[in-house]
Number of protein chains: 2
Amino acid sequence: MNSVNFYQGQSRFLIAVDCVILGFIGNEIKLLTFRRKIEPNQGGLSLLGGFMSDNEDIDQAASRVVKNLTGLENVYMDQVAAYGKINRDPGERVISVAYYALINIDDYKNSIIADSGAKWVNLERIDELIFDHKQMVCDAIVKLRRQAALFPIGFNLLPERFTLTQLQMLYESIYGEKLDKRNFRKKILGMGILERLDEKDKINSKRGAYYFVFNKEKYHRMLEKGFVFAI
Amino acid sequence: MNSVNFYQGQSRFLIAVDCVILGFIGNEIKLLTFRRKIEPNQGGLSLLGGFMSDNEDIDQAASRVVKNLTGLENVYMDQVAAYGKINRDPGERVISVAYYALINIDDYKNSIIADSGAKWVNLERIDELIFDHKQMVCDAIVKLRRQAALFPIGFNLLPERFTLTQLQMLYESIYGEKLDKRNFRKKILGMGILERLDEKDKINSKRGAYYFVFNKEKYHRMLEKGFVFAI
DNA sequence: GCAAAAGTGTTACCTGTACACCCATGG
DNA sequence: CCATGGGTGTACAGGTAACACTTTTGC
């Protein structure tokens, strides 16, 4: 068979990326949403998305979409899945690849946001999302939970310096359940991948809570020796 | 913005599905491979793939591809990921969505295989695969391990009736490690989702080993009560 | 001095893991 | 009678989960 003919006889499709952009705000995981600017479903609550171009990998397309909107680069992103139901986009057939992105809210505040109507919403509001975006968010959360339990990716949602209370509330928000303070601290400090600073956060308490930083280099050195992160 | 113009200004892409078809043969997980029939890489060892058509979901495309080759329907399949590097297919840009399929070798033997050159190979041979198919298989195995540990999907790789020894060897092959016979039996029988038949398999031993079947209905009833499969 | 969050150890339970011998049968 | 795979129970260790009080300090 002639390969040129074979390839050319096939249908071609629009490919989109949709980004489940998550931030940790007010001690809760929130989702960055938009009001859709085009028909169909103009004005509907939507994930941030965009079409893939010829000159980029899918991963690059997802990064570009996040960067164009938030101004942020080097954002931690991971693919969730491909969504390909025939009528998932009522406008026209579009196959979409969903990604989740973990952004540090401090970086976000410092970045320049285009006139976008972007809005952080609680995860309880995902029922309002258009198309199959709700499914994408659910799948993203499932994947995030699994990954966050096995790899130290949660730190991407926190500022450089954070308190153990903040860190605990982050994990509580990811897992959707309360954790025991003493057990949590024992476990995370026992791993030896956090460094305590001398400075304290005096904003959230009178006594003040020590700041910690995640020691990435130490973590990677420990990885080589078979260490596995688990929280 | 006019949505018709907006959609139409975008690039369109070939979309393929590639299937990591796994079977349990000779007490080992094996991969169904093909000699590629078209250029580029004609004759190279390849996963079974096909292009997506306009009139089907991605999931349906994957099922169709498996059915066309093996004759099997209702095969257990799960999406692995989307692969979208620019040059992943040297022939032309193709975005591929990989799936893994678990097939029962007894069904396969009874099915009519087209003149396909299909060949079961050991997982050690994945280095020979073309394009990024090796990556797909690796990702598929990782996902299979995670899923098989939490859901009773391994039974899709076994005949209706199986012995505990067979079942254990299946899990050993999935996880790539030996398991303790007594602990394995204690755990799997303790879940109460297997039914022992009165018949024995006398082929593999003189004494004979009881056949078991997976009681799907009971499993689903237990799920409602919060049961979690774990092996 | 009191309210509000930070910080700190011990115990009980349970799950996971290691381990070795007898049984049944066909040839 | 012997070789082959089938089938069975226990004990120990390590990890998880439950639990409450003292400290600090700004107001």
Side-chain angles (χ1 to χ4, degrees), chain A residues 24 26-28 145-146 148-150 158-159 161-213 226-231, chain B residues 24 26-28 145-146 148-150 158-159 161-213 226-231:
Chain A
F24 186 59
N27 294 328
E28 269 188 313
R145 282 180 185 164
R146 214 166 34 214
L150 287 172
L158 291 174
R161 309 181 315 160
F162 49 85
T163 67
L164 292 184
T165 303
Q166 277 181 290
L167 185 63
Q168 182 178 342
M169 287 194 289
L170 171 66
Y171 275 97
E172 287 177 342
S173 184
I174 290 173
Y175 295 148
E177 61 185 30
K178 283 279 163 202
L179 301 174
D180 180 275
K181 182 164 59 161
R182 279 175 288 189
N183 292 337
F184 179 81
R185 284 166 185 242
K186 207 189 314 169
K187 211 181 213 177
I188 196 84
L189 291 176
M191 290 192 232
I193 56 175
L194 298 187
E195 305 291 344
R196 198 180 82 176
L197 305 183
D198 284 332
E199 227 170 322
K200 284 187 172 185
D201 162 35
K202 306 279 282 185
I203 297 165
N204 296 300
S205 75
K206 291 157 185 171
R207 177 174 176 179
Y210 281 110
Y211 281 118
F212 287 78
V213 293
F227 170 76
V228 285
F229 179 92
I231 197 81
Chain B
F24 185 60
N27 294 329
E28 268 188 313
R145 282 181 185 162
R146 212 166 36 213
L150 287 171
L158 291 175
R161 308 183 315 162
F162 48 85
T163 67
L164 292 184
T165 303
Q166 276 181 288
L167 185 62
Q168 180 178 345
M169 287 194 288
L170 171 65
Y171 276 96
E172 287 176 342
S173 184
I174 289 173
Y175 296 147
E177 61 185 29
K178 283 278 163 203
L179 301 173
D180 180 274
K181 181 164 60 161
R182 280 176 289 189
N183 293 338
F184 179 81
R185 285 166 185 242
K186 205 189 315 170
K187 211 182 213 178
I188 196 83
L189 291 176
M191 290 191 232
I193 56 175
L194 297 186
E195 306 290 343
R196 197 180 83 175
L197 305 182
D198 285 333
E199 227 169 321
K200 284 186 172 187
D201 162 34
K202 307 279 281 186
I203 298 165
N204 297 299
S205 75
K206 291 158 185 171
R207 175 174 175 178
Y210 281 110
Y211 281 119
F212 287 79
V213 293
F227 170 76
V228 285
F229 180 92
I231 196 80

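Order of the sequence lines fixes the chain letters, A, B, ..., with proteins taken first and strands second; residue numbering starts at 1 for each chain. Since the structure is predicted, the reported quantities are computational estimates derived from the model, not experimental observations.
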Would you say A:Thr163 and A:Tyr210 make side-chain contact, with heavy atoms under 4.5 Å? no
Do A:Arg207 side-chain and C:dA6 base share a donor-acceptor contact under 3.5 Å? yes
Span of DNA chain D engaged by chain A, first through last nucleotide within the 4.0 Å heavy-atom cut-off, is D:dA17 to D:dG26
Contact check, side chains of B:Leu167 and B:Leu158, non-hydrogen atoms, under 4.5 Å: yes
How long is the straight-line distance from CZ of B:Phe229 back to NZ of B:Lys187, given to the nearest 0.5 Å? 9.5 Å
Roughly how many Å is it from CZ in B:Arg182 to P in C:dC22, rounded to a whole number? 12 Å
Any side-chain heavy-atom pair from A:Phe212 and A:Leu197 closer than 4.5 angstrom? no
Classify the nucleic acid contact of A:Asn183 as base, sugar-phosphate or nothing, counting any heavy atom under 4.0 Å across all strands shown. base
Any chance you could lay out the side-chain contact (heavy atoms from CB on, under 4.5 Å) test for A:Tyr211 and A:Arg196, step after step, and finish with the verdict? CA-CA 6 Å; A:Tyr211 281 118; A:Arg196 198 180 82 176; over 6 Å; no
Please compare B:Ala209 and A:Gly208 by the position of their nearest nucleotide in DNA chain D and report the one closer to 5'. B:Ala209
Do B:Met169 and B:Phe24 touch side chain to side chain, with heavy atoms closer than 4.5 Å? yes
Counting only non-hydrogen atoms, which of residues 161-181 of chain B are less than 4.0 Å from DNA chain C? B:Asp180
What's the CD1-P distance between B:Ile231 and C:dT15, to the nearest Å? 15 Å
Can you tell me how far apart CD (A:Gln168) and CZ (A:Phe184) are? Round to the nearest 0.5 Å. 5.5 Å
Is there side-chain contact between A:Leu170 and A:Asn27, with heavy atoms separated by less than 4.5 Å? no
Side-chain touch B:Arg161/B:Asp201, heavy atoms, less than 4.5 angstrom: no
Could you walk me through whether A:Ile231 and A:Ile188 pass side-chain contact (heavy atoms from CB on, under 4.5 Å), step by step? CA-CA 7 Å; A:Ile231 197 81; A:Ile188 196 84; 3.9 Å; yes
Using heavy atoms and a sub-4.0 Å distance, could you list which residues of residues 184-203 of chain A are near DNA chain C? By number, please. A:Arg185, A:Lys186
Within the side chain of B:Glu172, is there an N or O that forms a donor-acceptor pair under 3.5 Å with the backbone of B:Lys178? no
